[in-house]
Every structure is written in C-alpha cells, then in structure tokens.
Protein chains: 2
Amino acid sequence: MADGVRARQREATRRALLREGRRLFALRGYTAVGLAEVVDAAGVTKGALYHHFGGKADLFRAVLAEVQQEVADRVAAAADAHEDSWTRLVAGCQEFLTASTAPQTQRIMLVDGPAVLGWSEWRALDEAASARHLAEAIAALVEEGRMAPQPVAPLTRLLSGAMNEAALWLAASTEATDLEHVRTALVRMLEAFRVG
Amino acid sequence: MADGVRARQREATRRALLREGRRLFALRGYTAVGLAEVVDAAGVTKGALYHHFGGKADLFRAVLAEVQQEVADRVAAAADAHEDSWTRLVAGCQEFLTASTAPQTQRIMLVDGPAVLGWSEWRALDEAASARHLAEAIAALVEEGRMAPQPVAPLTRLLSGAMNEAALWLAASTEATDLEHVRTALVRMLEAFRVG
DNA sequence: TTTTTCGCGTACCTTCGGTATGTGAAACGA
DNA sequence: TCGTTTCACATACCGAAGGTACGCGAAAAA
C-alpha cells in the first residue's frame, strides 16, 4: 500500500507527525504545545505539517481520531469475548473505564477534545468511535427485552458521561481500591435498567 | 462596601471585565476570544485587565468561579425547598441539569473549564461549588441508612459526570422530550442506590 | 499644600499559528 | 536516456495575540 520511494516517505512523515503530536498533546495539553515543537520532534518543518494537515487543530483532530479508534477497538474486543448481551455491555464498560484512564489517551480524548473541536464535533467523533458500541449494546438489550424499553440516546449519554468523568477521576486518584469502587457503582447503575 | 471614588471605580472596572469576559467566553469560547475584544467591550484597556487579573487564564478562572457559584446557589436553593433527604437529592440533581444546560454557563463550566485550567484545578473548583452539595446529599442518605453504605466519592463522580454530559447533550438537542427522558433515566439511576 | 499611592493607559516585545514561495528529487513520457 | 512534470517538503515572512515595562494623572494621605 506504499509503493514507490515517494509514497513511503510521505507516509513515514505523516506518521511521525501523528506520533509526536500525540505524545506532546497527551503530555502537556493542546495549547501548551507549539507546532515548532511537534515538527522538531518529528524531524521535519512546518512546511511538512501544513502539507499533511490543515493546521494545528486538524493535526489534533487526526490524533484524536486515532486515540478514539484504539479505545473503541479495545472496548469492542472486550465485548466480543462474551456471548451474552448483558455480559458484553458490562465487559465493554469496564474495558472503556480502564482504557480511557491511561494518561496518554485521557487528556486528548476527554479534556482537550471538546475544547479544541467544539463539543458537537467531539461528540460526533466520539459517537462514531466508542459511544456507538454503547448505544448498540443498550439497543440490543432493549430488543431482547432484558432492559426496560426507553429512548437509547439519553441513557447512552448519561452512562458515557459517567464513565468519562470516572476515568478522569481514577487517573488522578491514588487509592488502588478506587477502580473497584467505581466498577461496583457503575454495575449497580446498569442493573437499575435491567429487567426480567 | 465601596467607599471612596477610587474603590468604587475599581470595583466597577473589575465587574465590567468579568461581565464582558463571561459574555464573550460563553458566546464564542475561550481561545476564540481575544483580550482586545474583552477590554474594548468593557471600555478599558489591557492595562486595566492586567491590573485586576494575572492574565487571560486568570480572568477566565474568575469568570468560571462566578458561574459555578451561581449554579451551586440554584442547586442549593432547589434542595433546600425540601425536607426529605431523598427528595432533596433528586431536586438538586434536576435543578443542576437545567441550570447547566443554559448556553451562557455551559461552555465555560463544562467545555473550556477543564481545558484551560487543567482537569485537576477545574475539579477542585467544581468540588468547592456544586459537587460538594452532591457529595453531602449522598453522605446524608448513607448516614440515614436510606442509601447503601459505600464510598461517596466514586458515586459522586459518576453522577456528576453523567449530569454534565447530559446537560451538554440537552443543550444541543432539539427534541423537547429529551429533558424528560434524561430526568427519568437519572432518577432511575439514583433509585439503584436506594435501600429501605 | 505637598507627597504618596494606585488604577489604568500607552507603547513595545515575543511567540505562535498560518501563508507564500522556492527547490530538489522522484515519477513520467517520448 | 533525457527532458518535463509532479510533489513532498524547506525557507522566509506576516499578522495577531498574550504579556510586560513604564508613565501619567487623579485621589488619598500627611
């Protein structure tokens, strides 16, 4: 998929920018990181960056999409390890919790994402990546009659927000037991909507 | 509390900066608003701004504190209208939901806040203002034996995050029934922790 | 009335995102 | 093989925005 010296070099540059951008954005936040830093770390110049991306915000958008995809993949994998719809939901939620607690993904996904791109665009990306899985899992349970019939969107948002904030809190927490407490409370929340 | 021409003028300037800063930050977001705009709207110059505040971020901090205080006051008032601890919790949550759905407060409190000040400082301010009420309400219920004994902090974070995200979603939503659906789902979540 | 304080305006500096343009090597056609 | 075109990227430059140093004039203090 990368034949020719040119195409290969192009991809290498693009990936270097994405990698260093991601590393720096995660480490120090979007506004604190200058483009000069990113291109230096990637071993190129601003010309290369603007050749590959529309600007600083666009580079961030690409980084965010990458991070969200990784989290979504982990969540999907965790859910797919189970057959039962309810177990899939719980497993997916717990995996999301741990995946988005990692400091390399957290600031990009949960803090800078909405501020840089605006909440609505952030939400669209979030929906396309991980929140969609959550909505599908809930819809499946409602379909099966194992969850009370109700609009899926409001519940999805409540749970998504709860997990996002909990992940932020867990990352800043020092108590090792906090994760277990959050998991317990989260499962109890989910149980509230279980029927049958 | 403002005797002397000087002290009165000082307060007037400070309030003008806060007012215009808040208006513009809420309208177009922190990064999109320049200091020149704020000081022009307030009828002063940058010299005045830097005399009263440490910089752009510090002005934002003051604005955020003001917004959070207003929301906290509304929540506290809604809760205090009731005697029963459980009703107080539910009323406070619902008031928080509507108060933080208002576009004038939302972007500052929920989107730019964490990004500009960093999540931990944002969380400290949030805790001092409204999340504290939530934690106290939950603690009271646990004390009374009407809620399952459990660590208060994890549950507080889950609920706080759920409401924040729901408020963001509601503000962008067009369906009038969405608010009712969120309220229903939220109450059901709360009920999950009720005992007795 | 003299002196001091201080709230704030003015001018300037630096940094940073963004753009316009140049360049050299790879791809391509004859 | 050789001229031509393409294109990935570098260089140089620009405007705007946050921040700072300094001065002024009126109110407060002595």
Side-chain angles (χ1 to χ4, degrees), chain A residues 1-25 27-64 108 112-113 115-118 121, chain B residues 1-25 27-64 108 112 115-118:
Chain A
M1 81 190 198
D3 46 343
V5 176
R6 226 166 185 183
R8 211 175 316 128
Q9 181 57 35
R10 179 185 167 86
E11 274 309 300
T13 300
R14 184 187 164 85
R15 284 219 297 253
L17 284 167
L18 246 65
R19 187 185 64 237
E20 297 304 317
R22 174 171 174 173
R23 187 176 61 83
L24 290 166
F25 286 153
L27 195 65
R28 310 216 318 276
Y30 178 80
T31 47
V33 173
L35 289 185
E37 251 181 304
V38 177
V39 296
D40 279 3
V44 293
T45 64
K46 285 206 293 187
L49 195 151
Y50 277 91
H51 184 74
H52 285 277
F53 302 97
K56 191 186 181 186
D58 191 51
L59 170 65
F60 179 82
R61 196 193 325 271
V63 168
L64 174 62
I108 293 171
D112 287 335
V116 174
L117 304 180
E121 186 181 349
Chain B
M1 83 186 199
D3 47 344
V5 176
R6 228 165 184 189
R8 210 176 314 127
Q9 181 57 36
R10 178 185 167 85
E11 274 309 299
T13 300
R14 182 185 165 85
R15 284 224 292 253
L17 285 167
L18 246 62
R19 188 184 64 239
E20 297 304 318
R22 173 172 176 173
R23 188 177 60 81
L24 290 165
F25 287 152
L27 196 64
R28 311 216 318 277
Y30 178 80
T31 48
V33 174
L35 289 184
E37 252 180 304
V38 177
V39 297
D40 280 3
V44 292
T45 64
K46 286 207 291 187
L49 195 151
Y50 278 91
H51 185 73
H52 285 277
F53 302 96
K56 191 187 182 186
D58 192 52
L59 170 65
F60 179 82
R61 195 192 328 271
V63 168
L64 174 61
I108 293 170
D112 286 335
V116 174
L117 304 180

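It should be emphasised that the depicted structure is a prediction, and the values quoted were computed from it without experimental measurement. Each chain gets a letter, A, B and so on, in the order its sequence line appears, and its residues count up from 1.
Between A:Leu59 atom CG and C:dG17 atom P there is a gap of 11 Å when expressed in whole angstrom units. Distance A:Tyr50 OH to C:dC16 P: 13 Å, rounded to the nearest Å. Between B:Asp40 atom CG and D:dA16 atom C1' the separation is 14 Å, expressed in whole Å. Protein atom CZ of A:Arg10 is 21 Å distant from nucleotide atom P of C:dG24, rounded to whole Å. Spacing between atom CG of B:Asp3 and atom P of D:dA29 amounts to 9 Å, rounded to whole angstrom units. The CG-P distance, from B:Leu17 to C:dG9, rounds to 9 Å in whole Å. Rounding to whole angstrom units, CG of residue B:Leu24 and P of D:dA17 are separated by 13 Å.
Evaluation of atom-type donor-acceptor distances gives a pair under 3.5 Å for the side chain of A:Lys46 against the base of C:dG17.
For the pair B:Leu49 and A:Lys56, both in contact range of DNA chain C, the more 5′-proximal nearest nucleotide belongs to B:Leu49. Summary of the strand contacts: B:Gly54 and B:Val5 both lie near DNA chain D, and taking for each the nucleotide with the nearest heavy atom, the more 5' one is attributed to B:Gly54.
For the pair B:Arg61/B:Asp58, a side-chain contact is recorded, criterion being any heavy-atom separation below 4.5 Å from C-beta on.
The shortest heavy-atom contact between B:Leu59 and B:Leu17 is CD1-O, 4.1 Å. The minimum heavy-atom distance linking A:Ala57 with A:Val116 is given by the pair CB-CG1, 4.3 Å. Shown here for B:Thr13 and B:Ala48, the closest heavy-atom pair between the two residues is CG2-CB, 4.2 Å.
Within the structure, every side-chain polar atom (N or O) of B:His51 is placed at least 4.0 Å from both OP1 and OP2 of C:dC6. At least one side-chain nitrogen or oxygen of A:Thr13 sits closer than 4.0 Å to the OP1 or OP2 atom of D:dC9.
In the set C:dA27, C:dC8, D:dC9, D:dC9 carries the atom at the smallest distance from any side-chain atom of A:Gln9. Here C:dG9 is the nucleotide among D:dA10, C:dG7, C:dG9 with the atom lying nearest to any side-chain atom of B:Val44.
DNA chain D is contacted by B:Val33, B:Gly34, B:Leu35 of residues 30-37 of chain B, taking any non-hydrogen atom closer than 4.0 Å.
Salt-bridge check for B:Glu20 with B:Arg23: passed, with a basic side-chain N closer than 4.0 Å to an acidic carboxylate O.
Separating the CD atom in A:Gln9 from the CD atom in A:Glu11 is a distance of 10.5 Å, to the nearest 0.5 Å.
Base engagement by B:Arg6 is indicated by at least one non-hydrogen atom pair under 4.0 Å involving a base atom.
Both tests hold for B:Lys56 against B:Tyr30: distance to the six-membered ring centre under 6.0 Å, angle to the ring axis within 45°.
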